[in-house]
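Data block below; observations after.
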Amino acid sequence: MLTASIKSLGMTRERFAAALGISRSYLSLLETGKKQPSLEVAVRIERITSGAVPASSWISHSDELPAASRRRGAA
């Protein structure tokens, strides 16, 4: 999704990385799924791609708390 969005914007990876304030090598790690961005970088990606890559897309389901844990924390 990220790679396709960069291409559709007509930006080079170097320019996209610079717009995000990250290195080209870190962008490559994000593209390949080897790293997850910080919330701040994920939000920047969402803004630059006009929502094509939402910040929420970086959250995996394994990061979610089990239902029982959510109930205990909500009390």
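No hydrogens, no waters, no symmetry mates; every other heavy atom, side chains included, goes into these values.
Taken from NZ in K7 to OG1 in T3, the straight-line distance is 7.0 Å, to the nearest 0.5 Å. Note that OG1 of T49 and CG of L20 are 9.0 Å apart. Values are rounded to the nearest 0.5 Å. To the nearest 0.5 angstrom, I45 atom CD1 is 6.0 Å from I22 atom CD1. Rounded to the nearest 0.5 angstrom, L39 CG and E46 CD are separated by 10.0 Å. To the nearest 0.5 Å, atom OG of residue S5 and atom CD of residue E31 are 10.0 Å apart. Rounding to the nearest 0.5 Å places CD1 of I48 at 10.0 Å from CZ of R15.
Side chain of T32 to main chain of S28: a donor-acceptor pair is present (N/O by atom type, distance under 3.5 Å, no hydrogens or angles).
Annotation for R47: atom CZ does not count as buried by contact number, only 12 or fewer foreign heavy atoms lying within 6.0 Å.
Using a 4.5 Å heavy-atom cutoff, the side chains of L2 and F16 are in contact.
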Exercise for the section: Start with the C-alpha gap between V41 and W58, add the side-chain angles, then the distance that decides, and say whether side chain to side chain contact (heavy atoms under 4.5 Å, CB included) holds. Expected result: CA-CA 10 Å; V41 172; W58 298 98; over 6 Å; no

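Contact between M1 and S57 at its shortest, heavy atoms only, is CE-CB, 4.5 Å.
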